[in-house]
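Residue numbers begin at 1 in each chain, while the letters A, B, ... track the order of the sequences.
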Amino acid sequence: MKIGILVSEGPFTHQASDSAYQFVKAALEKGHEIFRVFFYNDGVNNGTRLTVPPQDERNIQSNWTELAEKHNLDLVVCIAAAQRRGILDENEAKRQGKDADNIAPGFRISGLGQLIETGIESDRLVVFGD
Amino acid sequence: MKIGILVSEGPFTHQASDSAYQFVKAALEKGHEIFRVFFYNDGVNNGTRLTVPPQDERNIQSNWTELAEKHNLDLVVCIAAAQRRGILDENEAKRQGKDADNIAPGFRISGLGQLIETGIESDRLVVFGD
Amino acid sequence: MSEQEQEFSGSDVQKKFLYLNRRAPYGTIYALESLEVVLIGAAFDQDVSLAFLDDGVYQLLKGQDTKAIGMKNFSPTYRALGDYEVTKLYVEKESLEERGLSIDDLMEITYEDEDDDWAEKPSIQLVNRSEFAAIMAAQDVILSF
Amino acid sequence: MSEQEQEFSGSDVQKKFLYLNRRAPYGTIYALESLEVVLIGAAFDQDVSLAFLDDGVYQLLKGQDTKAIGMKNFSPTYRALGDYEVTKLYVEKESLEERGLSIDDLMEITYEDEDDDWAEKPSIQLVNRSEFAAIMAAQDVILSF
Amino acid sequence: MSVLHTVNKSPFEKAAFESCLKHTGPGDAVLLIEDGVYAAVKGTAVADRIAGGNGAVSLYALGPDLAARGITESAVIETVKVVDYGGFVDLITEYDVSQAWL
Amino acid sequence: MSVLHTVNKSPFEKAAFESCLKHTGPGDAVLLIEDGVYAAVKGTAVADRIAGGNGAVSLYALGPDLAARGITESAVIETVKVVDYGGFVDLITEYDVSQAWL
């Protein structure tokens, strides 16, 4: 089946992103297709490359990045939610006159339409939040 | 009186930071001293300069920055919580081998001891969270 | 957005989307950011419904005035939903009652029915708790906030 | 940290700090990050207590095994609190009971009492709900997570 | 010593309000802020928890949060005093310590 | 059409679990994940909500979340089936649509 994922909370504070990650891994192992993982609300905070978690803890961002590389996942950060919370790619930083960006490899910033598209194109949409 | 503030949630998602800001303004107007505002848990996300909120909404980060400038407030972001969530100043970015930093003007990164000190040195500690 | 809209306006996939709102406004951002999805989603010619239950019914209260908390009052946007052809707002009766509220405490939200000579009709439909399971079971996609 | 510690170890300000824990572990980070404050705070020679009520009592359950969720099991840290001279852990009896738990379901947490020839003593004290108001009222600082 | 308890959660969504009421002592006060102010409204399923509550505890609700949510002062239970942010500050200074029921 | 309801909140902290149970239809299932798994434990103040519950609804709890929280499978109410992440995926595909009670 084609499965879409919505992650509504940031890394570490709520288990949502961890649960979504474990779910996606299990779905891929069972041969399902992950149409897209869409990060909304505080979920956009999963997509910053500036995190430095303690060495004995999981690195949620790099877990997602590596899974995306391995399985060619589409990780999309909502642009409107990202602007509120300070997640930018190079283009957005330029456009907004900011002197730095922080998007992590494997993530891309796009519009909310990508979430609706995920709902339309996927056989199932699974929501992980607080 | 000398009042200390703990903010445990990030901007926009929960009202905690807004409530803390309104409280601090009111306390200053009444002639109280704000010993320190300490940002912990997701509260550290208040301290990124990369946010671009919609033009018809408040800018929580710049509200704090301006209040700090006007009243010489001490805005401290917890280093351990900040590392988990990708909030860095220039020194930390260098130390961690990161290619960018995102701390906002008026905020500084320091240890959890600064929270304990706030509890010891303030007559009252007020917690704003989720 | 417009690119996507074009891409899908020609598509014959039409799904039933339910936006399920269970949280109060202002204390958290979920109500506002849910509404932002609804507005963008309206461009995609899908069959859209909104449900308000539990504390979600507070989103529709009349007379919200956010000046003193320094936040934007986004409640007028609900009244504009008709212009986006979002016309089905299910509100749970029991959720209202537990909160001491009736439909008179809610904003008046209407739409113009193009199939009925653009007659103005109420968008809000009161629904009993027992009917909600069937509403959910009828959806293709449920987005909960 | 060591600078701050020095600065305060000579200070004669000693306050009563209560860390109030009301949330379960793993679902959210508050339990873990509260514990991190406690460990740092232990360097400051204050009078420290921890309280566990509502879902906070779940933090102390025996037998936590986080391998399959990919998160770090931080529960062993509670047992190390005695080494940090954090020896007062108040657990609410009613919170346990509502959750079908008794003190036997909790980790054994002890400290060595330097005033009693280093005898090993239990750190956990069961407290009735009605006693908690007095515990709170006795504090100078309450940090709630 | 007296405690100012703050509750910022809806009594219908979270147990914080109920837990707070169970842990107040005589001379304490409860201040409802943010989504906590819904507990101050007359005629709800939880209104009797306040109206019939412990008279030894003073009850307050934050006016700006009531107004934001469309709750008029006439809808607020009589025993609850409405304060603004300045009043919030005064309460913090009047009581010895504060406890936030998050 | 059948609905898989997921609950990720403790039944003692939030109303999500209770609200979920009130909104299930025959043929639906409820999967407890994250802090939601505390609702699956025997002998708690909310256990009768599940044990005595609507037999038309199937009940599941996520094993990895139970283990993380120190809950052994023998402590889980008999009518609740324990699944792993693979089982979670299977449930998502078996039911027509999912609803997350956040």
Participant: Tell me, for B/His32 versus chain E, whether the close heavy atoms (under 4.5 Å) come from the side chain, the backbone, both or neither.
Facilitator: side chain

Participant: If you apply the rule side chain to side chain contact (heavy atoms under 4.5 Å, CB included), what do you find for E/Ile92 with B/Phe23, and how did you get there?
Facilitator: CA-CA 10 Å; E/Ile92 284 290; B/Phe23 179 91; 3.7 Å; yes

Participant: Against chain E, label B/Leu6 side chain, backbone, both or neither, depending on which of its atoms sit under 4.5 Å from a heavy atom there.
Facilitator: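 Answer is neither: B/Leu6 stays 4.5 Å or more from chain E.
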
Participant: Quick one: does B/Lys25's side chain get under 4.5 Å of B/Leu67's, heavy atoms only?
Facilitator: yes

Participant: Heavy-atom pairs under 4.5 Å with chain B: which of E/Asp90, E/Val97, E/Val89 has the most?
Facilitator: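 Highest number of heavy-atom pairs under 4.5 Å: E/Val89.
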
Participant: Are the charged groups of B/Arg108 and B/Asp89 less than 4.0 angstrom apart, N to O?
Facilitator: no

Participant: Between E/Arg69, E/Lys9, E/Lys14, which is the residue that forms a side-chain hydrogen bond (donor to acceptor under 3.5 Å, both in side chains) with E/Asp35?
Facilitator: E/Arg69

Participant: Run through B/Asn41, B/Asp42, B/Asn45 and flag the one making a side-chain hydrogen bond (donor to acceptor under 3.5 Å, both in side chains) with B/Arg85.
Facilitator: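 The residue from B/Asn41, B/Asp42, B/Asn45 that satisfies side-chain hydrogen bond (donor to acceptor under 3.5 Å, both in side chains) with B/Arg85 turns out to be B/Asp42.
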
Participant: Pick from E/Asn8, E/Ile33, E/Leu102: which one has the most heavy-atom pairs with chain B under 4.5 Å?
Facilitator: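 Between E/Asn8, E/Ile33, E/Leu102, the count favours E/Leu102.
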
Participant: Sort E/Asp65 into side chain, backbone, both or neither according to what part of it lies under 4.5 angstrom from a heavy atom of chain B.
Facilitator: side chain

